[in-house]
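Worth knowing before you read on, the calculation uses all heavy atoms, side chains too, and leaves out hydrogens, waters and symmetry mates. Sequence positions, counted from 1, serve as the residue numbers for this chain.
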Amino acid sequence: MESQSRASRSDRQQARPAERRRTSPVGGRAGLFLRARGLRLAWLGVVLVMSVVCPGSEGFAATTDFTVQYANYDTAAPNDTIAEAGIRLRNNTTATVPLSSIVVRYWLKKNGAATVTPACWWWSPSCSNITLATGSVSSSGADSYVEISFSSSAGSLAPGATTQPIDLGIQFGVNVDETDDYSYSSQTNFASWSRITVHDAGSAPTGGLRGGTPPSGSVSTPAAPAALTATAVSSSAIALSWSASSGATSYSVYRSTTPGFAPAAGNRIASGVTSTSYNSTGLSASTTYYYKVTASSGGSESGASAQASATTPAGSAVVAELFDDFSYTGTGDSSFRSWWSLRSWSGGPGVSGAQWLPSNVSLVADPANGANKLMRLKATTNGAAAGSSHAEVMSTSRKFRLGTYAARVKFYDTPLSGARLFGDKPIETFFTITEYVDGDPDYSEQDFEYMPNGGWGQGNTSTMWLTSWETTTDKTSSLVSGSHDGWHTLVIQITSTSITYYIDGVARVTHASRFVPEEGQYLSFQVWFDQLDAAQGSSRTYHEDADWVYFAKDAILSPVEVDAKIAGFRSSSVTRKDTVP
């Protein structure tokens, strides 16, 4: 490949739509919060929700179970497209309370905005332990609310303890007047604020009150979802999508093999869905399935959508495939080099000035199986671009387009050596790509990109990005928050009409037909840095391991079928195979 084939990837990654290039909370106790964006956490090792002892001058009211303390992180721009609130909770009771048993509600007006999109930008122990939803009300101070709920992994709050601040960002897409929101205040330092409320989990919007004073008014039942579509993406999966229902906090999905069915508990296959898409998996081949979707808010469920249906195709026969389990003597092995190239040329993606080193790729013994080998990629840094290096392995053949792609990859949160510094933003990847030519109408790319230390608008939250490119400017990204440390089977199904990403057998997202590749692609693995902690001069090395890679040309295999294929190769002692023309 020519060096320019990847040269502009860095610019394209940096252009990802982050929620906001913003300043993180700085008004709290020293050492507990993120400083301005680009600086690092000043504390390490916080694993659970910890007690923060607050001075009596803050004047907590003990008349309710919980007190909300609030600081406005966006006072300088109360009429822009975004609201940002720091929210922390104090337990005023004498009992330890699981955070999963309560929810927090922030009340606002949309002021003509078509959508309200909330995001957790930072929280300790992790934003992955928080779920955000929106709902509708009718009152003089609010027509909507954002609800913050907690997973069981969020821990418990001891008597008298206070959570770390939740950095809540709310995007509107247009300029809105935040000052007329019921929960708005211009206070920039944390202080008690009764207009952000605490409720029992699962309660109606103004019910189950545990702290604060909600606005008076009624709850709107959302309308039934519209424009439901069903698309068969494989012999065992159907992708659903629908239009958002105003005021809905979640959706339920119903399925039947009988047309005209009535939604009921017995045919409900999913509830609490917070997106407007769902992947129905584990289906039988050559079977027609019928679907309906309802919207919910505050315990009130809408009527059902119009019915949509799709028929799964017959199972695909594999007539051409590639398999490699990286059982080579080393990266200098002539067989390895006939299949794979090691990058040494400069350019993007990654930190400008860092090297791409072939020596950062090696074949190592599998600790779990001495007879097996793993391909290891490393990225190293001492905080300076000149002291940093990346790694890339790319197939020598560019012949992969429609079909099933798969790899078994081990991602790491903890560096191979040195300290884990959240100011470093390493990216561990498996992806497919054409030659990069700026403006090429046939350019394509499908990415699994894991950022163990966060990044791209996610703060320090570990995040897996699933991204499809059509041309060098048109792309769509989906994310899965939370740690992916450990082994994962990654599968991409690409048909003529869709791209579906699976992680460990679970369909995570389906991207539309316009992102389907139009030309042959390479297979590739990379580890690289999007950002460095320049304040830390110690040496550290980040890495990933790959056990095997697989491609079935023009055949759509389920993750279970992929696993069976790999098991068959290994039981027959097949270490590599390539019949793809």
Side-chain angles (χ1 to χ4, degrees), residues 1-18 322 337-358 360-361 377 379 385 389-405 407 427-449 451 456 465-478 490 492-499 501 511-530 549 551 553-554 578 580-581:
M1 289 180 60
E2 298 298 328
S3 62
Q4 67 265 28
S5 66
R6 303 282 288 166
S8 299
R9 184 176 164 87
S10 174
D11 293 337
R12 293 186 289 108
Q13 297 290 8
Q14 292 171 4
R16 282 186 191 278
L322 175 143
R337 289 302 181 101
S338 69
W339 282 38
W340 304 99
S341 63
L342 304 180
R343 179 170 175 178
S344 60
W345 56 88
S346 61
V351 175
S352 178
Q355 294 179 286
W356 291 85
L357 297 179
N360 279 4
V361 182
L377 289 79
S389 63
H390 304 147
E392 178 175 22
V393 178
M394 180 174 284
S395 64
T396 56
S397 297
R398 179 189 157 186
K399 57 184 179 181
F400 310 102
R401 186 171 168 255
L402 304 184
T404 303
Y405 299 77
I427 303 172
E428 305 165 19
T429 74
F430 167 60
F431 63 99
T432 67
I433 188 170
T434 62
E435 287 285 348
Y436 183 83
V437 178
D438 194 26
D440 181 1
D442 293 332
Y443 177 80
S444 61
E445 185 177 345
Q446 300 88 47
D447 302 329
F448 287 97
E449 295 173 300
M451 303 185 75
W456 293 341
W465 291 90
L466 312 175
T467 303
S468 299
W469 289 85
E470 158 58 20
T471 76
T472 56
T473 58
D474 183 14
K475 63 147 173 44
T476 183
S477 287
S478 306
L490 311 176
I492 309 174
Q493 297 173 338
I494 304 183
T495 72
S496 60
T497 59
S498 65
I499 302 171
Y501 292 81
H511 292 160
S513 59
R514 78 172 188 272
F515 298 103
V516 170
E518 299 165 69
E519 294 185 347
Q521 304 180 116
Y522 297 97
L523 304 175
S524 191
F525 301 84
Q526 283 182 342
V527 179
W528 54 284
F529 293 104
D530 183 63
V549 64
F551 174 75
K553 177 179 171 61
D554 297 329
D578 185 6
V580 180

Q) Between T476 and S468, is there a donor-acceptor pair closer than 3.5 Å when you use the side chain of the first and the backbone of the second? A) no
Q. Would you say I492 and F448 make side-chain contact, with heavy atoms under 4.5 Å?
A. yes
**Q.** With Q521, the side-chain hydrogen bond (donor to acceptor under 3.5 Å, both in side chains) member among R398, K399, Q446, R401
**A.** Q446
Q: Go through the side-chain N and O atoms of S395 and S397 and say whether any donor and acceptor fall under 3.5 Å apart.
A: no
**Q.** Check: N360 side chain, H390 main-chain N or O, donor-acceptor pair, under 3.5 Å
**A.** yes
Q.
In the structure I gave you, are the side-chain heavy atoms of L402 and V516 within less than 4.5 Å of one another anywhere?
A. yes
Q. Does S389 reach the main-chain N or O of Q355 with its side chain, forming a donor-acceptor pair under 3.5 Å?
A. no
(Q) Strictly distance-based, threshold 3.5 Å: is any side-chain N or O of S444 a donor or acceptor partner for the main-chain N or O of E470? (A) no
Q) Ignoring hydrogens and geometry, is there a side-chain-to-backbone donor-acceptor pair from T396 to W339 under 3.5 Å? A) yes
Q: Go through the steps to decide whether T467 and S477 satisfy the test side chain to side chain donor-acceptor pair (under 3.5 Å), and finish with yes or no.
A: CA-CA 4 Å; T467 303; S477 287; 2.9 Å; yes
Q) So do T429 and D447 actually touch side chain to side chain, heavy atoms under 4.5 Å? A) no
Q: Could you label the plane-to-plane angle of the F400 and Y405 rings as parallel, tilted or perpendicular, counting under 30° as parallel and over 60° as perpendicular?
A: perpendicular
Q: Would you check if there is a donor-acceptor pair between the side chains of E519 and Y443 at a distance under 3.5 Å?
A: no
